[in-house]
Novice: 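Structure incoming, see below.
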Amino acid sequence: MTYLVIEGVIGVGKTALTRLLGEQFGVPTLFEQFEENPFLGKFYADREQYAFQTEVFFLLNRYRQQEAVVKHALAGGDGHSLVGDYLFAKTRLFAGLNLRGAELALFDEIYEALSRQVAVPDLVVYLTASVDTLMSRIYQRDRSIERAMQREYIADLARLYDSFFDGYQDTPLAKIDTDSLDFMRSTAALQEVVRTILQAAGVGSLRSKR
């Protein structure tokens, strides 16, 4: 079983890479359900007022996915793989950036209880890019929910992610700079990313043996 997680700041391409890996190797994929969060659009317009509702919704939604999808996939045993586009720990990263005081303390209590029950990936791939690149990609994909997103917020997230992964030791980690790797449009760039991931995972393929 290979449970692979792709992570990175908003706009870096983690969902696109997850989809491409699933298609190339014929393995199941897990995607964050951000569009189901009814508070997210309001949060980008008024972070302070809607932060707690937004973060708690994400926490519970991601936990339900971990229980329903990841645990089911892991139960398949050897020969099965799963690629996901988020690490459960990101939930605490965003909460730490957006919440304060009693709200953060309450969030932490819930997060600590749930995180103990979440499966640990075999490998985490951390995709990075400059803030200019991230903002360009966010602009190009033009999601209505992200149109109010501020550059300062993305810059804060980028610093937070770098700090988190600088000290990350929970699982094997592969870091890939995507500024000059347009794997969404270039087959050669995609294959370079794939080689890096397979080497870090210590496997020849993610393909399920069925």
Side-chain angles (χ1 to χ4, degrees), residues 1-34 62 65-66 69-90 93 118-141 143 154 157-210:
M1 171 68 196
T2 299
Y3 174 28
L4 173 66
V5 165
I6 312 297
E7 255 299 353
V9 180
I10 297 167
V12 78
K14 52 187 176 291
T15 299
L17 180 57
T18 298
R19 183 175 293 108
L20 289 168
L21 291 174
E23 292 171 354
Q24 176 159 337
F25 292 105
V27 300
T29 49
L30 173 69
F31 297 104
E32 185 174 22
Q33 299 171 325
F34 67 89
R62 290 167 185 156
Q65 275 195 303
Q66 294 291 313
V69 180
V70 178
K71 286 191 175 181
H72 176 74
L74 291 174
D78 293 338
H80 293 261
S81 295
L82 176 69
V83 183
D85 74 344
Y86 71 90
L87 182 67
F88 189 75
K90 78 176 293 181
L93 279 184
V118 171
V120 177
D122 297 298
L123 175 69
V124 174
V125 178
Y126 175 37
L127 303 180
T128 66
S130 68
V131 176
D132 284 342
T133 298
L134 294 170
M135 294 305 298
S136 175
R137 291 174 183 172
I138 291 169
Y139 176 79
Q140 288 174 16
R141 70 188 185 188
R143 291 175 180 170
I154 296 300
L157 278 178
R159 287 190 290 268
L160 184 65
Y161 264 84
D162 280 341
S163 177
F164 174 77
F165 280 112
D166 279 346
Y168 183 78
Q169 297 181 337
D170 293 347
T171 70
L173 177 69
K175 184 176 179 180
I176 301 176
D177 183 353
T178 69
D179 268 323
S180 58
L181 283 175
D182 190 356
F183 54 78
M184 287 179 277
R185 295 180 177 86
S186 168
T187 301
L190 175 60
Q191 293 312 309
E192 182 178 341
V193 171
V194 168
R195 284 193 296 270
T196 300
I197 292 173
L198 294 180
Q199 183 177 13
V203 297
S205 174
L206 299 177
R207 194 179 303 277
S208 297
K209 303 172 184 176
R210 301 184 194 179

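Residues take their numbers from the sequence shown, with the count starting at 1. Computed over heavy atoms, backbone and side chain alike; hydrogens, waters and symmetry mates excluded.
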Novice: Are any of the side-chain heavy atoms of E192 and L190 separated by less than 4.5 Å?
Specialist: no

Novice: Sub-3.5 Å donor-acceptor pair from the side chain of E7 to the main-chain atoms of Y126, do we have one?
Specialist: no

Novice: Salt-bridged, E32 to K90, with N to O below 4.0 Å?
Specialist: yes

Novice: Apply the test side-chain contact (heavy atoms from CB on, under 4.5 Å) to residues F25 and L4: give CA-CA distance (whole Å), side-chain angles for both, the deciding distance (0.1 Å), then the verdict.
Specialist: CA-CA 13 Å; F25 292 105; L4 173 66; over 6 Å; no

Novice: Using a strict 4.0 Å threshold on nitrogen-to-oxygen distance, state whether R159 and D162 make a salt bridge.
Specialist: no

Novice: Test side-chain contact (heavy atoms from CB on, under 4.5 Å) on Y86 and I6; report intermediate values, then the result.
Specialist: CA-CA 6 Å; Y86 71 90; I6 312 297; over 6 Å; no

Novice: If you compare all heavy atoms of L134 against all heavy atoms of I10, which two are closest, and at what distance to 0.1 Å?
Specialist: CD2-O, 3.6 Å

Novice: To the nearest 0.5 Å, tell me how far T29 OG1 sits from E23 CD.
Specialist: 8.5 Å

Novice: Measure from the ring center of Y161 to the ring center of F164 and say whether it is less than 6.0 Å.
Specialist: no

Novice: Check whether any side-chain heavy atom of L87 lies under 4.5 Å from a side-chain heavy atom of P121, and answer yes or no.
Specialist: yes

Novice: Which pair of non-hydrogen atoms, one from A200 and one from A174, has the smallest distance, and what is that distance?
Specialist: CB-CB, 3.8 Å

Novice: Taking all heavy atoms of I138 and all of G11, pick out the closest pair and write down the distance.
Specialist: CG1-CA, 3.9 Å

Novice: Considering non-hydrogen atoms only, spot the tightest contact between Q65 and F31 and give its length.
Specialist: NE2-O, 2.9 Å

Novice: Quick one: are L127 and F183 in side-chain contact, heavy atoms under 4.5 Å?
Specialist: yes

Novice: Quick check: do T171 and V5 have side-chain heavy atoms less than 4.5 Å from each other?
Specialist: no

Novice: Can you check whether D177 reaches L181 side chain to side chain, under 4.5 Å on heavy atoms?
Specialist: no

Novice: Checking R141 against T15: is there a side-chain donor and acceptor pair closer than 3.5 Å?
Specialist: no

Novice: Between S130 and T133, is there a donor-acceptor pair closer than 3.5 Å when you use the side chain of the first and the backbone of the second?
Specialist: yes

Novice: Is the side chain of K14 donor-acceptor paired with the backbone N or O of G8 at a distance under 3.5 Å, no angle test?
Specialist: yes

Novice: Quick one: does T178's side chain get under 4.5 Å of V12's, heavy atoms only?
Specialist: yes

Novice: Could you walk me through whether L21 and V27 pass the side-chain contact (heavy atoms from CB on, under 4.5 Å) test, one step at a time?
Specialist: CA-CA 8 Å; L21 291 174; V27 300; 5.8 Å; no

Novice: Grab the two heavy atoms, one from L123 and one from P172, that are nearest each other, plus how far apart they are.
Specialist: CD1-O, 3.4 Å

Novice: Under 3.5 Å, is there a donor on one side chain and an acceptor on the other for Q140 and S136?
Specialist: yes

Novice: Got a second to check how far D179's CG is from T128's OG1, nearest 0.5 Å?
Specialist: 6.5 Å

Novice: Are I197 and I176 packed together at the side-chain level, in the sense that at least one heavy-atom pair is separated by less than 4.5 angstrom?
Specialist: yes

Novice: Working to the nearest 0.5 angstrom, can you tell me the gap between Y168 OH and K175 NZ?
Specialist: 14.5 Å

Novice: Please check if atom CD in Q191 has more than 12 non-hydrogen atoms from other residues, nucleotides or ligands closer than 6.0 Å.
Specialist: yes

Novice: Over all heavy atoms of both residues, which pair between T18 and V83 is shortest? Give the atoms and the distance, please.
Specialist: CG2-O, 3.5 Å

Novice: For Y3, is there any backbone N or O sitting under 3.5 Å from a side-chain donor or acceptor partner on D122?
Specialist: yes

Novice: Would you give the length of the straight line joining atom CG of L30 to atom CD of Q66, rounded to the nearest 0.5 angstrom?
Specialist: 6.5 Å

Novice: From D166 CG over to L173 CG, what is the distance, rounded to the nearest 0.5 angstrom?
Specialist: 9.5 Å

